[in-house]
Number of protein chains: 2
Amino acid sequence: MPKPAPRRITIIDVARHAQVSTTAVSKVLRNAYGASPAMRAKVQQAIDELGFRPSAAARGLRGQTYTIGVMLPDLRNLFFADILDGITTQLGDTDYQVLLAPGCNGEQAEARVIDAMIDRSMDGLVLIAPVSSKTRLNTVARSVPTVVVGRHGSATTYDSVTDDDVAGAALVVDHLADLGHRRIAHIEHHETDPVRLAEMPNAQRANGYRDAMRARGLADEIDIASTSYTHHGGYAGAKELLSRPHRPTAIFAGADVVALGAMEAIAEAGLTIPDDISVVGYDNSALAAFGPISLTSVDQDGREMGANAARLVIDRIADRTRRTVQVKLTPSLAVRRTTAAPVQGAEVNSASPAPTE
Amino acid sequence: MPKPAPRRITIIDVARHAQVSTTAVSKVLRNAYGASPAMRAKVQQAIDELGFRPSAAARGLRGQTYTIGVMLPDLRNLFFADILDGITTQLGDTDYQVLLAPGCNGEQAEARVIDAMIDRSMDGLVLIAPVSSKTRLNTVARSVPTVVVGRHGSATTYDSVTDDDVAGAALVVDHLADLGHRRIAHIEHHETDPVRLAEMPNAQRANGYRDAMRARGLADEIDIASTSYTHHGGYAGAKELLSRPHRPTAIFAGADVVALGAMEAIAEAGLTIPDDISVVGYDNSALAAFGPISLTSVDQDGREMGANAARLVIDRIADRTRRTVQVKLTPSLAVRRTTAAPVQGAEVNSASPAPTE
DNA sequence: TTGAAAGCGCTAACAT
DNA sequence: ATGTTAGCGCTTTCAA
């Protein structure tokens with residue numbers, strides 16, 4: 001027989017216990033102006049003695065809820081987890097509590113979750129790699145302080161944090177070209193929506209790849225398989241690339257998970273990594289670092305991105321009129337064992353068309 | 001210059017627009033008794049036309065917030081992600097929204113997060129593998145409907161969902177013994193707290209291991225390294241086991257991540273898996289299934305556990321006086337390439353008593 | 001500096 | 001079946 005919990009302590013109880021007004025208690029709770037040190041002490045003592053905790057629901061009705069909502073597409077993606085770590089670490093000292101919605105894929109799920117957060121009067125939102133339309137993002141940002149992470153382009157309604165995906169792709173191409181590779185192929189995430197073509201990281205990576213290839217004088221070697229940022233997308237993309245007449249000596253996959261799929265296809269084709277073909281991923285996830293895999297990958301500092309996002313959202317809560325800022329961080333390359341110089345002779349002039357599979 | 005968002009639509013606006021009372025609107029919102037179909041239709045139309053969304057904060061002050069809080073120790077743990085999937089899937093059709101706190105390790109962080117959820121008037125809590133004291137859990141459960149996942153033992157205040165860890169350990173021992181192994185060692189998570197010794201899955205797994213070994217007549221072969229459920233714990237545990245005079249032919253790691261650490265130590269020792277030594281993990285995470293690793297592992301149906309937890313919490317919200325239930329699911333074994341019959345001759349008759357480390 | 005009082009948007013008793 | 005009204009626990013004017 002569970003005995004029912006006693007009635008929750010309210011601000012009135014505290015006020016009575018401390019022999020002051022509820023206003024005074026409220027001021028202490030918010031560190032607001034207009035309470036003497038003596039009063040503060042008295043109230044604080046009453047709060048501690050009674051074990052009082054303010055109701056966020058009630059606070060939210062008038063003021064803030066001290067809650068930051070985080071939306072991310074996939075909890076299993078370790079890069080997103082890093083961003084989250086950055087956010088929570090940055091917010092650790094503050095009164096804000098981070099709450100997140102379980103992975104939501106697609107525009108519809110995204111809309112539901114964002115609405116749910118607004119309904120719950122969250123003080124600020126951090127949207128990680130949202131796929132919603134720009135119009136929608138602007139609408140959201142007008143109703144609640146918002147920071148968008150991982151989407152390029154600027155907006156006047158929300159701040160954004162990105163990692164320089166063009167630079168990341170260039171790191172990869174340069175690394176491979178420096179090793180002596182010329183036929184460097186890329187597996188991209190297929191994109192048709194024009195706005196996303198400009199704003200999504202995958203599109204930026206593909207652009208960066210093209211630019212860097214041209215900058216290295218390898219414009220003729222540009223070779224792209226357009227699939228998706230999934231394990232299977234990597235597998236199918238690599239299969240496609242390997243079946244082409246002019247086989248690449250290196251594959252730049254747009255994400256680590258894509259690289260893993262590609263590695264599977266390469267193994268199936270009886271080729272070895274990195275001797276026959278080099279592979280590079282993107283995100284430097286824990287999987288990439290894992291010993292037996294040891295995937296060369298572009299490292300985006302997720303924690304740093306998260307910390308920046310948290311800082312920005314707090315700043316914007318404090319001043320909603322301040323001009324928006326775009327923070328762009330610089331990636332680095334984690335070189336591991338899936339990349340090496342191409343084997344001499346084998347492919348330099350192998351222009352003979354290979355039969356498909 | 002972002003233009004400010006217009007004032008939020010309230011229930012009063014809807015009532016006015018539909019020419020009815022706010023009570024009527026409220027009833028429609030809650031699907032409550034006492035509203036004619038005609039009224040429902042009228043109100044619903046007004047809601048749609050105005051794009052009204054009820055404020056969860058305001059609702060929470062009197063009634064429910066339609067929010068279920070989920071706490072889990074580690075977002076990166078894929079098993080927990082599966083549980084979460086089960087919860088969200090089960091709750092997909094309902095009005096409830098799942099919100100979760102970012103991974104919180106340790107009793108203190110756990111307490112903070114749970115308090116935060118209670119402060120936000122969440123309707124129900126799902127606590128996954130909490131480490132808090134039983135007293136604390138009972139206190140929490142008395143103030144809000146709570147379901148505890150992954151902790152054995154029963155309570156009168158909260159429902160619980162577990163997977164049968166004793167049975168899981170037995171699956172492992174039986175599988176290895178059937179293959180012909182006798183020296184089957186175990187790497188456990190060290191535990192001292194008496195309550196946790198009885199309730200935590202790691203302790204149950206160790207117990208299950210001992211029981212199963214005895215049941216197979218292998219009581220003399222029981223060999224345990226007591227470290228922790230981490231990669232390093234697995235590494236150190238395996239190193240310890242391998243250095244013992246009477247080397248095991250199989251290692252049962254209490255978690256997949258532990259198995260990976262063990263595999264690293266085994267590789268360092270110049271031994272091969274499964275020829276020299278078999279390895280089994282626990283959780284059947286994506287890592288275990290990953291081709292190059294292919295770890296034999298105990299599969300707990302996380303989605304099923306999550307679905308059960310969600311169902312229970314909803315039921316308890318509906319009726320807080322109903323007796324608590326304990327759901328215990330049965331694990332299965334995913335056999336992969338890290339287990340095989342021991343190589344003949346090497347260890348069959350090495351029954352010489354080993355001195356303690 | 002302090003406190004009294006009016007809401008915030010909704011739900012739940014209680015009329016009608 | 002429908003409407004009236006009193007709060008829920010805070011924050012925020014505004015007056016003292």
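As the structure is a prediction and not an experimental result, all values here were calculated from the model. Lettering of chains follows the sequences in order, A, B, ..., and the numbering in each one begins at 1.
The bend of the helix from C:dT1-D:dA16 to C:dT16-D:dA1, defined by the angle between the axes of its first five and last five pairs, stands at 30° to the nearest 10°.
Using a cutoff of 4.0 Å between basic side-chain nitrogens and carboxylate oxygens, A:Arg16 and A:Asp13 are scored as salt-bridged.
Summarising the geometry of B:Met117 relative to B:Leu125, their closest heavy-atom pair is CB-CD1, 4.0 Å, with the distance given to 0.1 Å. Counting all heavy atoms, side chain and backbone alike, B:Met71 lies closest to B:Cys104 at CG-SG, 3.5 Å.
Remark: the backbone N or O of A:Thr65 is paired with a side-chain donor or acceptor of A:Asp123 at under 3.5 angstrom. No donor-acceptor pair closer than 3.5 Å links the side chain of B:Arg151 to the backbone N or O of B:Val161.
Under the 3.5 Å distance criterion, with hydrogens and angles disregarded, a donor-acceptor pair is assigned to the side chains of B:Glu110 and B:Ser132. No side-chain donor from either of B:Arg8 and B:Ser55 sits under 3.5 Å from a side-chain acceptor of the other.
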Classify every nucleotide of nucleotides 7-16 of chain C by which part a protein heavy atom approaches to under 4.0 Å, writing B for the base, S for the sugar-phosphate alone and - for neither, in 5'-to-3' order. BBBBBBB---
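Here the C1' atom of nucleotide D:dT11 and the OH atom of A:Tyr33 are 18 Å apart, to the nearest Å. As a whole-Å value, the separation of B:Arg16 CZ from D:dG3 P is 15 Å.
At least one side-chain heavy atom of A:Leu312 sits under 4.5 Å from a side-chain heavy atom of A:Val325.
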